Amino acid sequence: MSRELPSLNALRAFEAAARLESVSRAGLELHVTHGAVSRQIRALEAELGVALFSREGRGLALTAAGLRLRDSVAGAFTQLRKTCEELRHGASHAPFVLGCSGSVLARWIIPRMDRLSRDLPELKLHLSAAEGMPAAALPGLDAALLLAEPPWPTEWQVHELAPERIGPVFSPRHPHQAALRKASATALCKEALLHTASRPQAWPAWARTQRIAASRLHYGQSFEHLYYLLEAAVAGLGVAIAPQQLVADDLAAGRLLAPWGFRPTRASWALCAPKRAGDARVTALSNWLQLELMQP
């Protein structure tokens, strides 16, 4: 059976002391005491069965064995540093794959792509649309932008960005828009409400905030995804329920109206990434998304 390599910490201590020709300077570089460096070197000498340094006056000199190990370790550490730097450089220049629902992609991300590119020019974003909660391993993704409720998978680092707020919206082209603008929320009990299979609890959750029994709601056309639901609302086909951020641009442009406002849910916008070595791009994107989502 092949023998194990010596302790990496011991080899690092030896390499620094040999390169700097000083145990004290090695300790400063490694952020440990000179005594800790000396102990690592003695342990390495004991494991190898050879002396690596000899005393010369008040200084240290490498033995023949020490010179041989210095050259070998120096080359290995240089190659390791070079490889790690190449990996970091490659990771920072590789596309950052962000997953999100098609509705979030079409109605929120894409309209802000120019601003995102200006604010984070180093982030090479690749967008991947998928519905539903992704698998815990986030396969093929560097991160996912979600509208969801906790608890989150333990495998994720989660950056909660903003609370979700939902409310009914309809178009000025809606046949009852004049009356609906002035009516109380209970007027929606007489409407055939547009709804979506991807968020079946959205209308009942909103009704509870208005003290309206969910059994009083009457449903009309159903759509598979939120994007289609909101396009139908813009076309004047009925009243839809939507997260505030996904209709903010339509409200500002007058394409949709929201006379009853928006109410918080238990869900939140969150940027979720695997728990692994920190990726500065996740933090940068999280900060940018949070600022954008908190815009009025």
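Starting from 1, each residue takes its place in the sequence as its number. These numbers were taken from a predicted model, which means no experiment stands behind them. No hydrogens, no waters, no symmetry mates; every other heavy atom, side chains included, goes into these values.
His218 and Glu191 form no side-chain donor-acceptor contact under 3.5 Å, judged by distance and modelled atom types alone. One side chain, Arg181 or Gln177, offers a donor N or O that lies under 3.5 Å from an acceptor on the other. Inspection of the Ser198 and Thr196 side chains reveals an N or O donor paired with an N or O acceptor under 3.5 Å.
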Exercise answer: donor-acceptor pairs, residues 139-156 side-chain atoms, under 3.5 Å, sequence neighbours excluded:
unit_1, atom_1, unit_2, atom_2, d
Asp142, OD1, Arg276, NH2, 3.4
Asp142, OD2, Val97, N, 2.8
Trp152, NE1, Glu160, OE2, 3.2
Trp156, NE1, Ala136, O, 2.6

Name the atoms and distances for all side-chain donor-acceptor pairs under 3.5 Å in residues 15-22, with sequence neighbours left out.
unit_1, atom_1, unit_2, atom_2, d
Glu15, OE1, Arg19, NH2, 3.1
Glu15, OE2, Arg19, NE, 2.8
Arg19, NH1, Glu29, OE1, 3.2
Arg19, NH2, Glu29, OE2, 2.7
Ser22, OG, Ser24, N, 3.3
Ser22, OG, Arg25, N, 3.1

Intermediate values then yes/no, salt bridge (charged side-chain N to carboxylate O under 4.0 Å, His left out), Arg281 and Glu122: CA-CA 9 Å; Arg281 297 174 299 174; Glu122 299 301 318; over 6 Å; no
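Note that the CH2 atom of Trp260 and the OG1 atom of Thr186 stand 9.5 Å from one another [nearest 0.5 Å].
Shown here is Arg12, whose CZ atom has no more than 12 heavy atoms of other residues, nucleotides or ligands within 6.0 Å. More than 12 heavy atoms of other residues, nucleotides or ligands shown are found within 6.0 angstrom of CZ on Phe77.
For the pair Thr63 and Val50, the minimum side-chain heavy-atom distance is 4.5 Å or more.
Residues forming a side-chain hydrogen bond (donor to acceptor under 3.5 Å, both in side chains) with Gln245 (at least two apart in sequence, or on another chain): Trp269.
Between Tyr228 and His225, the ring planes lie tilted relative to each other; the angle falls in the 30° to 60° range.
A salt bridge links Arg112 to Asp249: one of the charged nitrogens lies within less than 4.0 Å of a carboxylate oxygen. The pair Glu164-Arg263 does not meet the salt-bridge criterion, since no charged nitrogen lies less than 4.0 angstrom from a carboxylate oxygen.
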